[in-house]
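Lettering of chains follows the sequences in order, A, B, ..., and the numbering in each one begins at 1.
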There are 2 protein chains.
Amino acid sequence: MAGGAALPPKENHAETFARLRDAHAREVTEDYVEMIADLIVEEGEARAVSLAERFGVTPATVNNTIKRLERDGFVSSRPYRSIFLTDAGQTLADKCRDRHKIVYDFLIALGLDAQIAEFDAEGIEHHVSAETLDVFRAFTKSSKGEI
Amino acid sequence: MAGGAALPPKENHAETFARLRDAHAREVTEDYVEMIADLIVEEGEARAVSLAERFGVTPATVNNTIKRLERDGFVSSRPYRSIFLTDAGQTLADKCRDRHKIVYDFLIALGLDAQIAEFDAEGIEHHVSAETLDVFRAFTKSSKGEI
DNA sequence: ATTAAAAGTTAGCCGATGCTAAATTGATTT
DNA sequence: AAATCAATTTAGCATCGGCTAACTTTTAAT
Ligand SMILES: [Mn+2]
Ligand SMILES: [Mn+2]
Ligand SMILES: [Mn+2]
Ligand SMILES: [Mn+2]
């Protein structure tokens, strides 16, 4: 692939895209639980109106998404009240926040500016395997050593 | 963000997610034109059955996607015949193939194995800005220098 | 030339993620 | 207490990207 054939062997290729579709299916969930956790830290609670503003979507869209998250066991909410993470939601949020920070810090360590790092990390975070994350973390750490 | 507040200023935050949604909207298109270009190189033509096998989806799904690509001016096709890229499609495919390779080679340069690099590159490629791509390219190049 | 197999198409379905417009509820002000 | 304003919910819609099942067309084998 690197320098050879244009395509990987066809027997394995579909697995790559199956993983990609899986990652996609989780992206919105991951961004929401992470955002809810951050809002609770920063503003004391997570309101639908804040989520709508942060994501740049309408309140109706937030409502739909929150219902899916509730169905999937990541949040709890009561009508007209703010939104809470379940234990599963908090666990996922912690994992996503760590991962997000590792990706962001890695992009900064590579010399990118904060705005670009923020943009790209928001997408990249959902597509880094555990192995890649380890390498990112190690790179950032070692790049801090060699001032 | 790096070490400070949990969240970026709310005035700018929505832009990050707007870009993310834009990138999403382009992912399938980008993967298809790239795959079509690669199949034409490797097999002489791009058949729906090959796309279905490569992506791990059904022929019906390929058909739907090809219709959207045709509607959007990236491919041309006639019933029961193989699929061709328009000029716009070829241009996009070339761009995507380059970008894909830069991301893949960067992950390899970081020390990741081929399988992981293949998996992660397939997702990451859609979320790297031009700036990040430049940095990736430079890193790969310099890592080749210092054997 | 028939037949069988492979490839492609069509119809109809679903879930995810977005939207607008209207209705409802809760909070604030007067 | 009423009225207003802000927040939330609901209803109804659209597109994308997936699916199965049935059908048609092309290609390959006999
Ligand atoms: Mn994200
Ligand atoms: Mn994130
Ligand atoms: Mn891809
Ligand atoms: Mn690609």
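Ring planes of A:Phe106 and A:Phe136: parallel class, angle under 30° (limits at 30 and 60°). Using cut-offs of 30° and 60° on the angle between ring planes, the pair A:Tyr32 and A:Phe55 is parallel.
Between A:Arg137 and A:Asp134 there is a salt bridge, with a side-chain nitrogen of the basic residue lying less than 4.0 Å from a carboxylate oxygen of the acidic one. Note on B:Glu122 versus A:Arg19: no salt bridge recorded, every NZ/NE/NH1/NH2 to OD/OE distance being 4.0 Å or above.
Below the 3.5 angstrom threshold, one finds a donor paired with an acceptor across the side chain of A:Tyr80 and the base of C:dT24.
Here D:dC16 presents its P atom at 15 Å from NE2 of A:His24, a figure rounded to the nearest Å. Summarising the geometry, the separation between CG on A:Asp22 and P on D:dG17 is reported as 16 Å, rounded to the nearest angstrom. One atom, CG of A:Asp31, and another, P of C:dA16, lie 17 Å apart when rounded to the nearest Å. Rounded to an integer number of Å, the gap from B:Arg26 CZ to D:dC16 P is 14 Å. Residue B:Glu53 contributes atom CD, which lies 12 Å from atom P of C:dG8 at whole-angstrom precision. The separation between A:Arg78 atom CZ and C:dT25 atom P is 16 Å, rounded to whole Å. Atom pair B:Met35:CE and D:dG17:C1' shows a separation of 16 Å (rounding to whole Å applied). Atom C1' of nucleotide C:dT17 and atom CD of A:Glu27 are separated by 12 Å, given to the nearest angstrom.
Listed nucleotides: C:dC19, D:dC16, D:dG18. Nearest to the side chain of B:Arg68: D:dC16. Checked against C:dC19, C:dG18, D:dG18, the side chain of B:Asn64 finds its nearest nucleotide in D:dG18. Of the candidate nucleotides C:dT17, C:dC19, D:dT26, D:dT26 has the atom lying nearest to any side-chain atom of B:Arg81. Listed nucleotides D:dG17, D:dT20, C:dC19 differ in distance to A:Ala60; the shortest reach to its side chain belongs to C:dC19.
Note on B:Arg71: a side-chain N or O is less than 4.0 Å away from OP1 or OP2 of D:dC16. In terms of phosphate contacts, A:Arg21 brings no side-chain nitrogen or oxygen within less than 4.0 Å of OP1 or OP2 of D:dG17. At the phosphate of D:dT10, OP1 or OP2 sits under 4.0 Å from a side-chain N or O atom of A:Lys67. Phosphate contact (OP1/OP2 of D:dG17, side-chain N/O of B:Thr65, threshold under 4.0 Å): absent. Between A:Asn63 and D:dT9 there is a side-chain N or O to OP1 or OP2 distance below 4.0 Å. A close approach under 4.0 Å does not occur between any side-chain nitrogen or oxygen of B:Arg47 and OP1 or OP2 of C:dA7. Between A:Thr61 and the phosphate of C:dT17, there is no side-chain N or O to OP1/OP2 separation shorter than 4.0 Å.
Within the 4.0 angstrom heavy-atom criterion, no nucleotide atom of any strand lies near B:Val62.
No chain of hydrophobic side-chain contacts below 4.5 Å, direct or via other Ile, Leu, Val, Met, Phe, Trp or Tyr residues, connects B:Leu92 to B:Val128.
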